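First comes the structure, then the notes that go with it.
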Amino acid sequence: MPTFALVDCNNFYASCERVFNPRLVGKPIAVLSNNDGCVIARSNEAKTLGIPMGTPAFKVSHLCKSAGLVMLSSNYALYGDLSARVMSVLAEHAPRIEVYSIDECFLDLHGLAVADLAAWCHALRQTVLDWTGIPVSVGLGPSKTLAKVANHIAKKSAAGVCDLARDASHVEAALKATPVGDVWGIGRQWAKRCAEAGIITAWDLRHAPQAWVRQQMGAVGLRTVLELGGTAVHGLEDDPDDRQTCCCSRTFGEATRSRGDVQDAVVLFAQRAAEKLRRDGLVAAAMQTFIMTDRFGQGPQCSSGFTLPLSPPTSDTQSIIDTAVRAFAQCWKDGFAYRKAGVLLLDLTRPQDAPRDLFTPPPNPRHAALMLAIDAANARFGRGSIRFGLPVPQAAWGMRQRNRSPSYTTRWEDIPIAKTG
DNA sequence: TCTGGGGTCCTAGGACCC
DNA sequence: TCTGGGGTCCTAGGACCC
């Protein structure tokens with residue numbers, strides 16, 4: 001029988017901040033989205049204060065004074081690096097792993113020669129904590145969905161491990177204690193529909209009529225129900241397919257009516273997107289530029305996008321910028337205060353699989369060599385050391401990040417200094 | 001003053017084919 | 001008056017995930 005473990009880092013972003021700043025231990029921490037907009041991660045203490053996920057930062061800022069809340073800008077360089085460390089520890093111990101997100105990892109423990117899986121998970125948990133400083137919880141189950149349920153329970157327990165892989169009576173109790181909306185794959189809309197049909201807990205959903213599930217939630221819902229019943233529908237995906245799209249977009253710190261400002265942003269996003277593409281070894285056959293006004297604002301709204309082909313498919317920054325700017329010219333309408341823009345690369349393939357066009361000349365190999373050189377220089381000297389276009393250092397549309405921690409592990413200048421005495 | 005960013009999959013419907 | 005039965009491909013929109 002398959003056995004999956006889900007390892008989930010506890011309050012991951014908050015835990016990362018604590019690794020290099022122990023003064024934050026025991027304090028309520030809220031980590032904010034880009035532009036310091038809303039709360040995207042909380043420490044347990046912040047959860048206890050009743051701060052909901054996704055709250056706009058300004059609604060809870062009064063708690064900084066009254067309750068000692070620490071609000072931090074997000075620091076993805078730090079979180080990404082610590083995530084890689086956690087995953088490498090897991091890879092060292094488990095037979096097969098699937099990195100599911102920045103803070104979660106599925107393990108396939110089928111065939112692992114240990115007598116007591118739960119004890120093995122406890123030991124793994126301790127190892128991750130010792131080696132990386134990040135606390136994790138582990139859930140065990142016969143399917144990924146049940147491993148997720150187990151993980152939710154593990155999170156709330158002192159032990160940090162919950163085993164639903166062995167005992168059916170434990171599964172029943174666990175599902176009865178799990179609201180249907182907490183099940184992996186059941187979002188807000190479906191939870192509402194379930195409630196209307198009297199399906200309140202995961203146990204109710206597991207026993208819901210298949211025809212109803214199929215009709216209301218399609219094939220996806222059906223798979224979830226099977227997984228809740230202990231059938232492993234989803235396997236471990238340790239060799240994921242190449243991604244199909246790649247997006248780089250940002251909300252601006254301040255809205256702007258200036259065509260030049262928005263175009264500067266589009267050029268920057270096009271570069272970033274092209275870098276991501278090359279990092280993944282892919283080329284894009286089409287791209288879209290999109291711009292939009294503040295969807296929460298009172299002013300006139302505008303949201304437009306324009307798609308153009310990239311022929312031949314490419315990951316060359318110069319071509320992608322050129323095309324992005326041409327698409328931008330098609331989107332632009334005067335008279336609106338724009339708050340967000342982005343570049344979306346589409347129809348991604350490996351270069352060798354990309355369709356050839358009889359009438360367009362093959363890509364210039366010197367361009368590819370230039371991109372390699374730029375990427376290597378930026379990897380060594382820091383992102384943006386070499387870039388296209390003029391730098392726009394303090395642009396009003398730039399991201400607001402008032403309180404970001406240092407990039408302790410990814411920038412030479414930010415390496416923590418140890419002091420004695 | 002202040003509300004993120006980046007993905008995936010599935011389905012329905014239309015155009016088109018034989 | 002009567003108006004088939006399959007297919008494929010594409011797109012837009014809606015659901016979900018972190």
Side-chain angles (χ1 to χ4, degrees), chain A residues 6-9 11-13 30-41 51-62 64 71-76 79-80 83 98-106 144-145 148 151-152 180-194 213-224 227 233-234 237 240-255 265 269 272-273 276-277 280 282 286 288 290 292-298 305 307 337 339-348 396 399-404:
Chain A
L6 177 66
V7 180
D8 192 315
C9 302
N11 312 318
F12 182 54
Y13 296 172
V31 178
L32 306 178
S33 62
N34 283 331
N35 281 315
D36 297 342
C38 59
V39 175
I40 56 167
I51 298 172
M53 191 73 156
T55 327
F58 69 91
K59 287 192 180 172
V60 293
S61 50
H62 64 278
C64 296
M71 295 209 293
L72 298 168
S73 308
S74 36
N75 182 348
Y76 287 105
Y79 311 151
S83 170
E98 171 193 341
V99 177
Y100 178 66
S101 75
I102 193 164
D103 68 337
E104 284 176 64
C105 187
F106 284 106
K144 283 177 156 184
T145 304
K148 274 270 197 184
N151 190 278
H152 273 281
V180 72
D182 286 359
V183 172
W184 188 41
I186 305 299
R188 274 231 286 282
Q189 300 302 319
W190 289 358
K192 205 173 120 199
R193 255 182 253 177
C194 283
V213 174
R214 167 77 236 212
Q215 206 256 319
Q216 294 292 315
M217 306 189 285
V220 180
L222 224 39
R223 286 200 282 262
T224 297
E227 286 239 318
V233 179
H234 302 290
E237 292 174 30
D241 293 340
D242 289 330
R243 60 155 129 206
Q244 301 157 32
T245 61
C246 169
C247 183
C248 182
S249 72
R250 289 287 177 280
T251 302
F252 303 151
E254 277 173 35
F269 302 156
R272 294 260 175 88
K276 280 196 224 175
L277 208 53
D280 293 348
L282 298 170
Q288 182 184 70
F290 59 89
M292 55 187 76
T293 48
D294 185 353
R295 64 196 169 109
F296 298 104
Q298 301 299 312
T307 305
R339 187 74 204 288
K340 180 172 180 172
V343 166
L344 185 58
L345 300 174
L346 305 161
D347 298 342
L348 310 188
M399 239 198 305
R400 259 196 311 269
Q401 289 199 308
R402 292 205 179 88
N403 195 15
R404 195 178 70 187

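Only this structure's heavy atoms are used, side chains among them; waters, hydrogens and symmetry mates stay out. A, B, ... follow the sequence lines: proteins, then strands. Residue 1 opens every chain. Worth saying up front: this structure is predicted, and the values here are computed from it rather than measured.
Side-chain atoms of A:R400 lie closest to B:dC2 of the nucleotides B:dC2, B:dG4, C:dC18. The side chain of A:Q189 has C:dA15 as its nearest neighbour among B:dG7, B:dT3, C:dA15. Side chain of A:C247, nearest nucleotide from B:dG5, B:dG7, C:dC16: B:dG7. Taking only side-chain atoms of A:R250, from C-beta outward, the nucleotide of C:dC17, B:dG4, B:dG5 with the closest atom is B:dG5. The listed nucleotides are C:dC18, C:dC16, B:dT8; the one nearest the side chain of A:T245 is B:dT8. Checking B:dT3, B:dG5, C:dC17 against the side-chain heavy atoms of A:Y100 singles out C:dC17 as nearest. Each of B:dC10, C:dC16, C:dC18 was ranked by its minimum atom distance to the side chain of A:D103; first place goes to C:dC18. Distance from the side chain of A:C38 is smallest to B:dG4 among B:dC2, B:dG4, C:dC16. Nearest nucleotide to the A:R243 side chain, out of B:dC2, B:dG4, B:dT8: B:dT8. Of all nucleotides listed (B:dC10, B:dG7, B:dG4), B:dG7 comes nearest to the side chain of A:K276.
Each of A:R339 and A:A219 has a nearest nucleotide on DNA chain B; the 5'-most of these lies closest to A:R339. With DNA chain B read from its 5' end, the first of the two nearest nucleotides for A:R402 and A:V220 is the one closest to A:R402.
Atoms CG (A:L345) and C1' (B:dT8) sit 17 Å apart, rounded to a whole Å. For the pair A:L222 CG and B:dC10 C1', the computed distance is 13 Å after rounding to whole Å. The CG-C1' distance, from A:D347 to B:dT8, rounds to 16 Å in whole Å. Atom CG of A:L348 and atom P of B:dG6 are 14 Å apart (whole Å). For the pair A:E104 CD and B:dG7 C1', the interatomic distance rounds to 14 Å; values are reported in whole Å. As rounded to whole Å, 12 Å separates atom C1' of B:dG4 from atom CE of A:M292. Residue A:R404 contributes atom CZ, which lies 18 Å from atom P of B:dG4 at whole-angstrom precision. Atom CZ of A:F296 and atom C1' of B:dT3 are 4 Å apart (whole Å).
At distances below 3.5 Å, not a single donor-acceptor pair connects side-chain atoms of A:R404 with backbone N or O atoms of A:S73. Judged by distance alone, with hydrogens and angles left aside, the side-chain atoms of A:D8 form no donor-acceptor pair with the main-chain N or O of A:N151 at under 3.5 Å.
Contact annotation for A:I102: no contact, since no heavy-atom pair falls under 4.0 Å across all strands. Among the atoms of the strands shown, only primed sugar atoms or phosphate atoms (P, OP1, OP2) are found under 4.0 Å from some heavy atom of A:K340. Residue A:R272 is out of contact with every strand shown, counting any heavy-atom pair closer than 4.0 Å. Within the nucleic acid shown, A:V31 has no heavy atom closer than 4.0 Å to any nucleic acid atom. Residue A:A57 is classed as having no contact, given no heavy-atom separation below 4.0 Å to the nucleic acid.
Figure legend. B:dC18 is base-paired to C:dG5; pairs are counted as Watson-Crick or G-U wobble with both atom distances under 3.5 Å.
Look at the C1' atom in both B:dC17 and C:dG4: the space between them is 14 Å, to the nearest Å.
Of the side-chain N and O atoms in A:R193, none sit less than 4.0 angstrom from OP1 or OP2 of C:dG14. Checking the phosphate oxygens (OP1, OP2) of B:dC9, no side-chain nitrogen or oxygen of A:R223 falls inside 4.0 Å. Phosphate contact (OP1/OP2 of B:dG4, side-chain N/O of A:S249, threshold under 4.0 Å): absent. For C:dA15, the OP1/OP2 oxygens have no side-chain nitrogen or oxygen of A:Q216 closer than 4.0 Å. Residue A:K148 places at least one side-chain N or O closer than 4.0 Å to OP1 or OP2 of C:dC18.
Under the 4.0 Å criterion applied to side-chain N and carboxylate O atoms, A:K148 and A:E227 are not assigned as salt-bridge partners.
Under the 4.5 Å side-chain criterion, counting only non-hydrogen atoms from C-beta, A:V220 is in contact with A:W190. Residues A:V39 and A:L32 are in side-chain contact: their nearest non-hydrogen atoms beyond the backbone lie under 4.5 Å apart. Using a 4.5 Å heavy-atom cutoff, the side chains of A:R223 and A:T145 are not in contact.
Ring-plane geometry between A:F106 and A:Y100 is classed as perpendicular, the angle between the planes exceeding 60 degrees on a 0 to 90 degree scale with a lower cut at 30.
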